[in-house]
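Beneath this line is the structure, given in structure tokens, with notes to follow.
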Amino acid sequence: MTKVTVVGAGNVGATCADVLAYREIAEQIVLVDIKEGVAEGKALDIWQKAPINQYDSRTVGSTNDYSKTADSDVVVITSGLPRKPGMTRDDLIETNAGIVKSVTENVIKYSPNAIIIVVSNPLDVMTYQAHITSKLPRTKVIGMAGILDTARYRAFIADELNISPKEIQAILMGGHGDTMVPLPRYTTVAGIPVTELIAKDKLDAIIERTKFGGGELVKLMGTSAWYAPGSAAAQMVEAILKNQNRVFPVCIKLDGEYGIDDCYLGVPVVLGKNGVEKVIELDLNEDEKALLEVSRGHVKEVMNVLDKLSNK
Ligand SMILES: NC(=O)c1ccc[n+]([C@@H]2O[C@H](COP(=O)([O-])OP(=O)(O)OC[C@H]3O[C@@H](n4cnc5c(N)ncnc54)[C@H](O)[C@@H]3O)[C@@H](O)[C@H]2O)c1
Ligand SMILES: O=C(O)C[C@H](O)C(=O)O
């Protein structure tokens, strides 16, 4: 039986559980939250949708009882505060680091071999937190952001060209923040380089909008996005459970790739049954390397903040 735990039954977690269920990605989905009754209620609601939407995946909920999560193949961590207008993702570090640490400890107690997908923000540094707490190999503790950021980029390109989003392929690297690095050189529309179809000034504007894509939604809704983030996390779970070996940008600790050591950044990887099967090293040009270095520097600064908090 394939079993997935989603911790945090808020907007992102409940959406992820719903996608995992209605697309029958996992046979059993356990939703956990700290708020009494919320996870049980949402899991029951998703289960009661099964006869309407015709799926067999079973969802169950739990208020902080991790014994129900035992032997999960994959655990998705979405617990933590979302930002409000005017805040950066980094402003969430203190509260969310404590939450991600305690959740990871509980998860690992009952599912020592699980693959962990972190969603909580600030994403790259929360992946660091889960990695050091779990002590799992780096290939099994990864962060979801790149699929979401590239999806935004691809959706904006689809709009600009009035072409199906299914045709747009792209890779984006770096931290999940304003320093992320979309790569037009590695963006195609049905195999055609995007640079042949969209003028530079328009593509630059799309890249800028992508970098601030999360903030655009926070401003509109007063809280952060959930449909695309929940679906993106579910897509990562699917690649793992079905051993699809799909290529996605995923946050992982770099151990020398791209000349970077000891920093958690989004890079293209092959995602399969063992988590990250391979980190793909692109041959970046000087401009791209410079942008990645800025992003690395920013993530490293926030990692240092976490180190100081843990030493308190
Ligand atoms: N990586 C990304 O691309 C991405 C995208 C969207 C949101 N996020 C982040 O995901 C997180 C969740 O966002 P959301 O919109 O679902 O927020 P939300 O407030 O709707 O849900 C968060 C849930 O976590 C629960 N929670 C808090 N502490 C907990 C604990 N110790 N154990 C279990 N559950 C706990 C809360 O009760 C709440 O139900 C935020 O940090 C947000 O910034 C990341
Ligand atoms: O922007 C946020 O705060 C949430 C998330 O990281 C996103 O990009 O939607």
Side-chain angles (χ1 to χ4, degrees), residues 5-18 30-43 61-66 68-69 75-107 116-127 129-130 133 142-153 155 172 174-180 209-236 248-251 264 266 299:
T5 289
V6 180
V7 186
N11 285 334
V12 178
T15 303
C16 180
D18 185 32
V30 183
L31 199 50
V32 183
D33 204 284
I34 199 168
K35 275 190 225 147
E36 188 71 43
V38 169
E40 287 89 336
K42 291 194 182 180
S62 154
T63 304
N64 247 4
D65 175 5
Y66 282 81
K68 290 194 182 163
T69 71
V75 176
V76 182
I77 300 181
T78 76
S79 46
L81 296 183
R83 62 176 160 154
K84 293 196 163 60
M87 292 171 77
T88 70
R89 297 177 180 91
D90 299 342
D91 294 335
L92 304 167
I93 190 169
E94 194 157 355
T95 311
N96 286 358
I99 292 172
V100 170
K101 184 169 189 286
S102 72
V103 163
T104 305
E105 283 163 357
N106 283 317
V107 157
I116 298 179
I117 299 173
V118 179
V119 178
S120 314
N121 270 318
L123 187 274
D124 309 283
V125 180
M126 291 306 101
T127 307
Q129 176 71 78
T133 306
I142 54 186
M144 187 296 290
I147 296 181
L148 172 66
D149 294 328
T150 41
R152 287 178 177 146
Y153 177 52
L172 182 152
H176 180 52
D178 310 345
T179 63
M180 71 179 74
R209 189 175 175 197
T210 302
K211 287 184 184 174
F212 296 94
E216 179 180 356
L217 291 164
V218 172
K219 203 167 162 196
L220 286 167
M221 304 192 293
T223 187
S224 54
W226 59 90
Y227 293 114
S231 300
Q235 191 168 52
M236 288 174 70
F248 290 130
V250 157
C251 174
Y264 294 74
V299 171

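Numbering starts at 1 and runs along the sequence shown. Counting starts at 1 for both ligands and their atoms, in listed order.
Val38 and Ala9 make their closest contact through CG1-O, 4.0 Å (heavy atoms, listed as atom of the first residue, atom of the second, distance). Nearest approach of Val299 to Val125, heavy atoms of both residues: O-CG2, 4.1 Å. For the residue pair Met236 and Gly143, the shortest heavy atom distance occurs at CE-O, 3.9 Å. Of all the heavy atoms in Pro85 and Gly222, the pair that sits closest is CD-O, 3.4 Å. Pairing each heavy atom of Ala225 with each of Val12, the nearest pair is O-CG2, 3.7 Å. Taking both residues in full, the closest heavy atoms of Val100 and Ser79 are given as CG2-O, 4.3 Å, listed atom of the first, atom of the second, then distance.
Looking only at atom types and distance, the side chain of Thr63 has a donor-acceptor partner in the side chain of Glu40 under 3.5 Å away.
Not one N or O of Ser102 is nearer than 3.5 Å to an N or O of ligand 1, by distance alone. No N or O atom of Ser224 sits closer than 3.5 Å to an N or O atom of ligand 2. Distances between N or O atoms of His176 and those of ligand 2 include at least one value under 3.5 Å. The shortest N/O to N/O separation between Met144 and ligand 1 falls below 3.5 Å. Note: an N/O pair closer than 3.5 Å links Leu81 and ligand 1 by distance alone. At least one N or O atom of Asp33, backbone or side chain, sits closer than 3.5 Å to an N or O atom of ligand 1. For a threshold of 3.5 Å applied to N or O pairs, the pair formed by Gly8 and ligand 1 contains no separation below that value. The shortest N/O to N/O separation between His176 and ligand 1 falls below 3.5 Å.
In this structure, Asn121 counts as a contact residue of ligand 2, since one of its heavy atoms falls inside 4.0 Å of the ligand. Thr223 does not count as a contact of ligand 1, since none of its heavy atoms falls under 4.0 Å from the ligand. For the ligand labelled ligand 1, residue Val38 lies outside the 4.0 Å heavy-atom shell.
Between the choices Ser79, Gly80, Cys16, the shortest heavy-atom distance to atom 22 (C) of ligand 1 belongs to Gly80. Of all the listed residues (Pro229, Ser224, Ser62, Gly230), Pro229 holds the heavy atom that lies closest to atom 5 (C) of ligand 1.
Among protein heavy atoms, atom 15 (O) of ligand 1 sits closest to Asn11 CB, 3.6 Å. Scanning the protein for heavy atoms near atom 33 (C) of ligand 1, the closest one is Ile34 N, 3.5 Å. Looking from atom 9 (O) of ligand 2 to the surrounding protein, the closest heavy atom is Arg152 NH2, 2.7 Å. Looking at atom 1 (O) of ligand 2, its nearest protein heavy atom turns out to be Arg83 NH2, 2.7 Å. The protein heavy atom nearest to atom 17 (O) of ligand 1 is Pro82 CG, 3.5 Å. From the protein, the heavy atom lying nearest to atom 11 (C) of ligand 1 is Thr78 O, 3.3 Å. For atom 21 (O) of ligand 1, the nearest non-hydrogen atom of the protein is Gly10 CA, 3.2 Å. Shortest contact from atom 7 (C) of ligand 1 to any protein heavy atom: Val12 CG2, 3.7 Å.
Within a 6.0 Å radius of NZ in Lys101, other residues, nucleotides and ligands contribute 12 heavy atoms or fewer.
Between the CG atom of Asn96 and the CG atom of Asp90 there is a distance of 11.0 Å, given to the nearest 0.5 Å. Atom CD of Gln129 sits about 10.0 Å away from atom OH of Tyr264, to the nearest 0.5 Å. To the nearest 0.5 Å, atom CG of residue Leu148 and atom CE of residue Met180 are 8.0 Å apart. The NZ atom of Lys35 lies 7.0 Å from the NZ atom of Lys42; values are rounded to the nearest 0.5 Å.
For the side-chain contact (heavy atoms from CB on, under 4.5 Å) with Thr5, the qualifying choice from Thr69, Ile77, Leu31 is Thr69, the only one to do so.
Residue Asn96 has at least one heavy-atom neighbour below 4.0 Å for each of these atoms of ligand 1: 41 (O). Heavy-atom proximity to Gly214, at under 4.0 Å, picks out these atoms of ligand 2: 1 (O), 7 (C), 8 (O), 9 (O). Under a 4.0 Å criterion applied to the non-hydrogen atoms of Leu123, ligand 1 contributes the atoms 1 (N). Of all atoms in ligand 1, numbered sequentially from 1 with element shown, those under 4.0 Å from a heavy atom of Val119 are 1 (N), 2 (C), 4 (C), 8 (N), 9 (C), 10 (O), 44 (C).
Contact annotation for Leu148 and ligand 2: only side-chain heavy atoms (C-beta onward) come within less than 4.0 Å of the ligand. For Ala225, every heavy-atom contact with ligand 1 shorter than 4.0 Å involves the backbone, none the side chain. Residue contacts with ligand 1, taken as heavy atom pairs separated by less than 4.0 Å, involve Asn121 via backbone and side-chain atoms alike. Contact annotation: for Leu123 versus ligand 2, there are no heavy atoms closer than 4.0 Å. Neither the backbone nor the side chain of Lys84 has a heavy atom within less than 4.0 Å of ligand 2. Only the side chain of Val103 comes within 4.0 Å of ligand 1, counting heavy atoms alone; its backbone N, CA, C and O stay farther away.
The closest side-chain heavy-atom distance from Asn121 to Met87 is not below 4.5 Å. In this structure, the side chains of Tyr66 and Val7 come closer than 4.5 Å at one or more pairs of heavy atoms.
Side-chain N or O atoms of Asn106 include none that pairs as donor or acceptor with a backbone N or O of Val103 at under 3.5 Å.
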